[in-house]
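Chain letters run A, B, ... following the sequence lines, proteins first, then strands; residues in each count from 1.
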Amino acid sequence: MNHHHPTLNPPAAEPPSSWPMIRALAGIGILCSLLIVSTWQLTLPTITKKKNEYLEKAIYQVLPGATSKKTFKITPDGKIEQFEGEERGVQRVFAGYDDQGRLVGLAIEARGQGFQDVLKILYGFSPEKQAIIGMRVLESKETPGLGDKIEKDPDFLANFKELDVSLDENAQIRNPIVPVKHGTKANPWEIDSITGATISSKAVANILRENTLRLIPVVMKNLQAFEDGSLAGNGP
Amino acid sequence: MNTDPAHLSTNEFIKGLWRENPIFVQVLGMCPALAVTNSVINAIAMGLATTFVLIMSSMLVSSLRSFIPRQVRIASYILIIATFVTVAEYFIQAISIELHKNLGAFIALIVVNCLILGRAEAFASKNTIWPAFLDAAGMGLGFTFALICLGGVRELIGNGTLLGYMIFSENYQPWIVMILPGGGFFSLGAWLLLFNWMKSRKERLNLAAENSR
Amino acid sequence: MATESLTYIFINAALVNNFVLAYFLGICPFLGVSGKYETALRMGGAVTFVMLVSSMCAYGIHWLLLQLDAPYLQLISYIVVIASTVQLVEMFIKKFSPALFRALGIFLPLITTNCAILGLALFQTSKGYNFVQAIFYALGAGVGFTIALVIMAGIREELDLADTPAIVRGTAIVLMVAGILSLTFMGFAGLGG
């Protein structure tokens with residue numbers, strides 16, 4: 001470097017300045033935040049719309065005949081409230097209505113342990129029939145080709161055309177949902193498992209049983225709120 | 001060596017596609033290469049997203065190269081890369097929610113793909129914008145090409161389809177193992193074997209040619 | 001809200017969905033540092049430690065971003081905060097426990113940009129774990145990483161003595177072995193349920 005004064009510091013040894021570093025990091029920080037925020041602003045409407053469509057598609061699939069929906073949540077102490085915004089970690093319930101605005105049923109989110117990882121499903125409940133009338137897997141990491149049959153196997157999905165969850169005189173579920181071996185389904189509250197995907201089918205049944213035992217009584221008690229589509233004192 | 005500028009820039013572009021292919025030759029960026037290649041469509045999406053981030057961040061790093069002091073360069077590169085990954089993630093989400101669900105957290109994990117930081121440090125920080133763009137485009141497309149090779153093999157053998165179209169007859173029993181994580185390791189291992197074999201064959205041929213001279 | 005039990009979370013992260021063998025996270029150190037049993041063990045320890053630290057950071061950042069209503073900053077703040085925290089912890093260890101630093105130190109800077117670390121932070125956020133669950137998740141992921149690395153190192157030490165054809169040496173054979181290991185680990189599925 002400095003050949004003339006090997007023992008001295010180079011003549012230009014002003015105290016090391018941190019200004020270029022601060023300038024660079026701050027400049028890049030500002031540039032990056034601008035980029036991120038403008039992309040977010042630009043794509044947010046499309047993303048919200050697509051997410052909503054995706055969810056609606058799932059809801060109308062488990063509630064055949066529904067053409068519009070309203071979103072509610074069930075609080076841990078069993079109250080029904082209107083759901084708004086992006087709040088996470090709450091039990092959501094979607095009420096589906098037909099063309100005349102009559103309640104077709106409720107689509108309820110349920111989650112629990114599957115074979116590989118957490119399973120998230122959406123099921124449609126018809127208060128009129130007191131039965132589950134549709135089921136769709138929202139999120140699963142079940143083994144492809146084996147466990148993922150719970151999403152496509154027509155025989156298995158046929159279980160959920162009318163799965164009995166009727167209430168007894170104490171307003172509790174009379175017959176909790178149980179999984180049975182393939183081909184031995186005898187009662188309307190039993191789920192016929194898939195051969196080769198027994199654990200995944202059982203997982204679906206267990207998630208549904210746990211969720212219905214807990215929620216169906218609450219839902220039935222507050223049926224009026226869902227039928228009206230609004231809650232007293234909670235706006236239109 | 002040809003030093004004509006046009007030839008040099010083609011060279012920057014071509015080298016990533018084959019001779020210095022990020023996955024098969026440099027063995028960089030393995031996580032996404034294995035994780036999302038269970039179908040061709042996922043492989044293409046992942047490859048293009050990575051290419052986008054690679055090109056954008058290489059160009060930005062190259063244009064800011066005299067502005068960024070050495071001491072904070074890695075931090076600056078990571079900031080830049082993370083920004084473009086966030087941008088890419090929002091665009092993918094706006095294009096298709098299903099695709100975004102399939103790729104899951106692996107879009108965000110493009111940030112830590114060593115390929116991108118590697119190119120920023122080794123090439124973009126030392127070159128002007130145009131070569132940096134060519135280098136990034138070549139590397140990105142080479143990466144995409146390698147992902148498609150992996151995804152193609154896995155989808156074809158593991159599911160009997162390509163891009164969702166049935167290739168084999170109805171009676172084909174798919175080797176499910178190829179879709180499973182293990183299949184990812186196997187198929188990448190097999191591709192590397194192929195490349196090693198080609199390399200050693202070429203070396204042997206060169207040696208033979210020299211001896212006979 | 002995630003309701004899984006802590007044992008389930010731990011076993012799920014360590015065995016059923018092993019970060020290396022099922023999610024392919026942290027493949028680079030897995031291929032690079034699995035040559036020797038001793039190094040593999042230390043690397044595993046260092047990764048587990050960084051995972052714990054970054055899991056706590058990620059929990060804090062996520063909470064903060066929710067308060068600020070700025071989800072778009074998630075990725076960028078995760079990577080920046082995790083990297084700087086690890087750096088701080090590294091300096092701290094160097095000062096107060098030179099022995100520990102000698103054991104883990106050289107790996108720490110390498111690990112920060114490891115995809116397993118960022119992956120852990122992102123997964124725990126998307127799974128919606130609370131603080132205690134997140135810590136168990138990080139612990140499980142770290143232990144799982146260490147197990148995979150140590151098993152691999154054991155196999156590779158033996159493999160060095162075996163007579164293998166020239167073209168499979170290096171990464172190719174390690175990947176094949178990893179594939180078999182990954183299939184073996186699938187046997188753990190259903191364990192937590």
Side-chain angles (χ1 to χ4, degrees), chain B residues 23-37 74-75 77-90 104-117 177-178 180-201 203, chain C residues 17-28 30-32 71-80 82-84 87 109-110 112-127 165-186 189:
Chain B
I23 291 194
F24 292 144
V25 181
Q26 303 184 50
V27 202
L28 282 178
M30 306 301 270
C31 307
L34 292 162
V36 297
T37 50
I74 300 291
Y77 300 160
I78 289 182
L79 268 178
I80 291 172
I81 295 169
T83 305
F84 285 117
V85 171
T86 313
V87 170
E89 184 168 8
Y90 278 116
F106 288 96
I107 305 174
L109 288 174
I110 296 177
V111 180
V112 279
N113 189 331
C114 7
L115 171 66
I116 300 178
L117 193 60
V177 63
M178 293 306 277
L180 300 179
F185 286 114
F186 289 138
S187 29
L188 184 59
W191 277 106
L192 287 181
L193 273 186
L194 185 72
F195 267 73
N196 283 352
W197 177 74
M198 289 197 308
K199 209 167 87 189
S200 69
R201 201 181 63 141
E203 274 164 14
Chain C
N17 286 309
N18 186 288
F19 266 48
V20 182
L21 298 171
Y23 286 154
F24 307 105
L25 296 170
I27 296 286
C28 299
F30 180 63
L31 297 178
Y72 43 85
L73 289 179
Q74 189 186 36
L75 185 60
I76 205 163
S77 50
Y78 273 13
I79 190 141
V80 171
I82 289 173
S84 20
Q87 201 103 72
L110 284 176
T112 317
T113 49
N114 175 337
C115 40
I117 306 297
L118 187 64
L120 173 93
L122 293 167
F123 285 144
Q124 86 173 44
T125 313
S126 78
K127 284 170 189 263
I167 57 163
V168 301
R169 276 187 209 141
T171 319
I173 197 160
V174 180
L175 283 171
M176 293 292 183
V177 174
I180 298 171
L181 266 184
S182 161
L183 289 184
T184 320
F185 267 63
M186 285 199 64

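- Taking CD1 from C:Ile76 and OG1 from B:Thr83, the interatomic distance works out to 3.5 Å, rounded to the nearest 0.5 Å.
- When heavy atoms are compared at a cutoff of 4.5 Å, B:Thr86 approaches chain C by way of both its backbone and its side chain.
- The distance from atom CD1 of C:Ile27 to atom CG of B:Leu28, rounded to the nearest 0.5 Å, is 13.5 Å.
- For the pair B:Leu188/C:Thr171, no side-chain contact is recorded, criterion being any heavy-atom separation below 4.5 Å from C-beta on.
- Comparing C:Val177, C:Leu181, C:Leu183 by how many heavy-atom pairs each has under 4.5 Å with chain B, the most go to C:Leu183.
- For chain B, no part of C:Ile173 is nearby; none of its heavy atoms comes within less than 4.5 Å.
- Here C:Val174 pairs with C:Leu31, C:Met152, C:Arg156 under the side-chain contact (heavy atoms from CB on, under 4.5 Å) rule; sequence neighbours left out.
- The shortest heavy-atom contact between B:Pro181 and C:Ser182 is CB-OG, 3.6 Å.
- Of the two parts of C:Phe185, neither the backbone nor the side chain holds a non-hydrogen atom closer than 4.5 Å to a non-hydrogen atom of chain B.
- In this structure, the side chains of B:Phe185 and C:Met176 stay at 4.5 Å or more apart for every pair of heavy atoms.
- Taken to the nearest 0.5 Å, the CG atom of C:Leu75 stands 11.0 Å off from the CD1 atom of B:Ile81.
- Contact of the C:Leu25 side chain with the B:Phe106 side chain is registered, since non-hydrogen atoms from C-beta on lie closer than 4.5 Å.
- Comparing C:Gly119, C:Ala116, C:Gly179 by how many heavy-atom pairs each has under 4.5 Å with chain B, the most go to C:Gly179.
- The heavy-atom pair separating B:Gly189 from C:Ala172 by the smallest distance is O-CB, 4.0 Å.
- Interface remark: C:Leu122 contributes side-chain atoms only to the contact with chain B (heavy atom separation under 4.5 Å).
- Of the atoms belonging to C:Ile180, heavy atoms from both backbone and side chain fall under 4.5 Å from chain B.
- In this structure, CD1 on B:Ile110 lies 11.5 Å from CG on C:Leu118, to the nearest 0.5 angstrom.
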